[in-house]
2 protein chains.
Amino acid sequence: MHSFTEENYLKVIYHISQTEPGTVQTNAIASGLNTKAASVTDMLKKLADKQLIDYIKYQGVTLTEKGKIAAIKVIRKHRLWEVFLVDKLKFRWDEVHDIAEELEHINSSILVERLDDFLGFPKRDPHGDPIPDQHGNFEPSAHIHLHEIAKGKKGIIIGVSEHSSPFLIHLEKLGLTIGVTIAIDGITAYDGSVELLVNDQKINVSRKVAQHILVKLEEAQ
Amino acid sequence: MHSFTEENYLKVIYHISQTEPGTVQTNAIASGLNTKAASVTDMLKKLADKQLIDYIKYQGVTLTEKGKIAAIKVIRKHRLWEVFLVDKLKFRWDEVHDIAEELEHINSSILVERLDDFLGFPKRDPHGDPIPDQHGNFEPSAHIHLHEIAKGKKGIIIGVSEHSSPFLIHLEKLGLTIGVTIAIDGITAYDGSVELLVNDQKINVSRKVAQHILVKLEEAQ
DNA sequence: AATAATTTTTAGATTTACCTAAAACTATTA
DNA sequence: TAATAGTTTTAGGTAAATCTAAAAATTATT
């Protein structure tokens with residue numbers, strides 16, 4: 001089995017490779033894990049020895065098939081536990097990330113399968129992220145980031161790409177939660193903030209916030 | 001907070017001090033944790049520094065109040081997770097120990113309280129052990145070990161003092177589960193095994209097994 | 001009380017994951 | 001293309017938790 005730490009590295013490498021194309025850089029991993037580049041280099045050697053990543057000095061890394069499977073397993077667990085916390089234990093969506101961060105390392109495949117069953121085989125976690133099934137398969141959601149949407153378009157919020165408590169509490173206050181229908185009223189030239197219409201109410205969202213809101217556009221009629 | 005390892009030491013020290021009177025010896029801790037006496041000595045110094053135990057060289061240790069509270073917190077978590085696994089995820093009582101051993105180290109007091117609520121504030125875990133409440137209080141069950149009961153007495157099985165899968169599966173096969181009423185038919189002089197009557201059926205239980213079955217005697221009429 | 005047996009502790013190493021500081025690469029740009 | 005800036009790696013070290021082997025203390029036995 002992989003250590004707690006190894007799993008965290010794999011997870012972060014996976015996430016970075018999903019958002020940025022090409023190989024994953026040492027510094028990106030370091031900042032994702034709040035650690036130093038030198039520490040990352042040490043671990044990359046170890047992960048390469050275990051054939052979880054392909055690693056070329058100074059060039060960055062990519063996950064091997066084996067590494068990708070391991071990463072997805074951790075992500076599956078993380079997201080299932082988040083559903084458990086919100087659906088069963090009545091946590092809010094902004095409270096669950098850190099606890100799931102611990103629970104995701106519990107090592108028992110029977111446990112994961114039983115939990116999945118208990119939760120009714122959910123397809124999405126409380127932040128709208130897809131939950132891989134036991135074979136690691138999931139449909140990536142066809143989303144667009146809010147700040148990239150053109151004026152006049154309509155859509156539904158289907159997820160967020162940041163899970164920190166302050167960010168999610170802010171969204172909650174704005175009424176921007178998953179499932180909410182929005183229309184883009186315009187983009188402010190000065191600061192890049194986005195003008196939205198939500199239930200006929202005008203809402204201004206900073207560019208930084210908009211970057212982390214995932215939207216599914218309404219089909220063109 | 002205390003490390004994973006420190007918590008395990010505290011838990012084992014607590015358990016040993018419950019079963020044997022007096023101070024807890026280094027070797028007892030070592031065998032309880034499958035480690036070596038030298039490693040235990042190292043850790044005892046550390047726990048003493050943190051004022052979790054009172055430690056006198058060569059004399060053994062006792063938990064301080066602070067140490068006892070920490071130990072009971074871990075035990076509370078362990079037992080609540082066991083209830084979760086059996087009641088909600090439909091695990092058998094012989095499958096839950098190892099998983100709970102991991103879950104007990106998850107660090108979130110809100111989580112524990114929510115879980116307790118979700119489970120309906122259970123008083124006992126699947127092995128009959130009492131679950132401490134959030135202040136650490138619990139009623140220790142007035143039990144007697146099966147091998148110590150005199151011929152002719154009757155009682156109800158209320159718990160077990162071993163949680164290993166082989167032991168519990170064995171009990172299951174014999175029909176000796178929690179809640180079952182038994183009568184002592186006699187004790188075999190030759191090997192100390194116990195003759196039981198369960199639903200008018202004669203059952204022979206080895207002394208080793210009897211030692212780990214906890215019984216509440218029927219009130220004398 | 002002296003010796004033997006047992007238990008516990010110390011001494012010195014190992015492994016994992018981390019660190020800082022310096023060296024070695026790679027990329028940028030003047 | 002040579003200098004500079006930025007990134008990554010190496011070198012050497014630390015802390016936690018473990019180990020073996022040897023020394024010290026305690027307990028039991030003659």
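The sequence lines fix the lettering, A, B, ..., with proteins before strands; numbering per chain opens at 1.
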**Student:** Separation of B:Tyr58 atom OH from C:dT7 atom C1', in whole Å?
**Tutor:** 9 Å
**Student:** Please check: side-chain N/O of A:His127 versus main-chain N/O of A:Trp93, any donor-acceptor pairing under 3.5 Å?
**Tutor:** yes
**Student:** Quick one: A:Leu33 CG to C:dT16 P, roughly how many Å, whole number?
**Tutor:** 18 Å
**Student:** Measure from the side-chain heavy atoms of B:Asn27 and tell me the nearest of C:dC18, D:dT18, C:dT7.
**Tutor:** C:dT7
**Student:** Donor-acceptor pair, distance only, cut-off 3.5 Å: does the side chain of B:Lys151 make one with the backbone of B:Ile184?
**Tutor:** no
**Student:** Under 4.0 angstrom, heavy atoms only, what part of the nucleic acid is B:Thr5 near: base, sugar-phosphate, or nothing?
**Tutor:** sugar-phosphate
**Student:** Looking at every strand, decide which applies to B:Tyr55 at a 4.0 Å heavy-atom threshold: base, sugar-phosphate, or nothing.
**Tutor:** sugar-phosphate
**Student:** Could you please name the option among D:dT27, C:dT7, C:dC18 that lies closest to any side-chain atom of B:Gln59?
**Tutor:** D:dT27
**Student:** What's the closest nucleotide to the side chain of A:Thr41 if the choices are D:dC19, C:dT9, D:dT9?
**Tutor:** D:dT9
**Student:** In whole angstroms, how far is the P atom of C:dT16 from the NZ atom of A:Lys50?
**Tutor:** 8 Å
**Student:** Using a heavy-atom cut-off of under 4.0 Å over every strand shown, decide if B:Thr26 touches base, sugar-phosphate, or nothing.
**Tutor:** sugar-phosphate
**Student:** Can a side-chain donor-acceptor contact be found between A:Asp129 and A:His163 if the only test is distance below 3.5 angstrom?
**Tutor:** yes
**Student:** For C:dT10, take OP1 and OP2 only and decide whether either is under 4.0 Å from a side-chain N or O of B:Lys45.
**Tutor:** yes
**Student:** Heavy atoms only, 4.0 Å cut-off, all strands: where does B:Tyr9 land among base, sugar-phosphate and nothing?
**Tutor:** sugar-phosphate
**Student:** Under 6.0 Å between ring centres: does that hold for A:His145 and A:His212?
**Tutor:** no
**Student:** Side-chain N or O of A:Ser39 versus OP1/OP2 of C:dC19: is the shortest distance under 4.0 Å?
**Tutor:** yes
**Student:** For DNA chain C, whose closest nucleotide is more 5', that of B:Val24 or that of A:Asn34?
**Tutor:** B:Val24
**Student:** Rounded off to whole Å, could you give me the CG-to-P distance for the B:Leu44 and D:dA16 pair?
**Tutor:** 16 Å
**Student:** Let me know the distance between CG of B:Asp42 and P of C:dT14, rounded to the nearest Å.
**Tutor:** 16 Å
**Student:** So does B:Glu6 pair up with B:Lys50, basic N to acidic O under 4.0 Å?
**Tutor:** yes
**Student:** Side-chain N or O of B:Gln25 less than 4.0 angstrom from OP1 or OP2 on C:dT8?
**Tutor:** yes
**Student:** Classify the ring geometry of B:Phe84 against A:Trp81: parallel below 30°, tilted from 30° to 60°, perpendicular beyond 60°.
**Tutor:** tilted
**Student:** Measure from the side chain of A:Ala38, starting at C-beta and using heavy atoms only, and say which of C:dC18, D:dT27, C:dT20 lies closest.
**Tutor:** C:dT20
**Student:** Nearest to the side chain of B:Lys57, which nucleotide is it out of C:dT9, C:dC18, C:dA24?
**Tutor:** C:dT9
**Student:** In whole angstroms, how far is the P atom of C:dC18 from the CZ atom of A:Phe4?
**Tutor:** 10 Å
**Student:** Verify the contact: side-chain N or O of B:Ser3 to OP1 or OP2 of D:dA16, cut-off strictly under 4.0 Å; return yes or no.
**Tutor:** no
**Student:** What is the distance, to the nearest angstrom, from the CG atom on B:Leu47 to the P atom on D:dA16?
**Tutor:** 12 Å
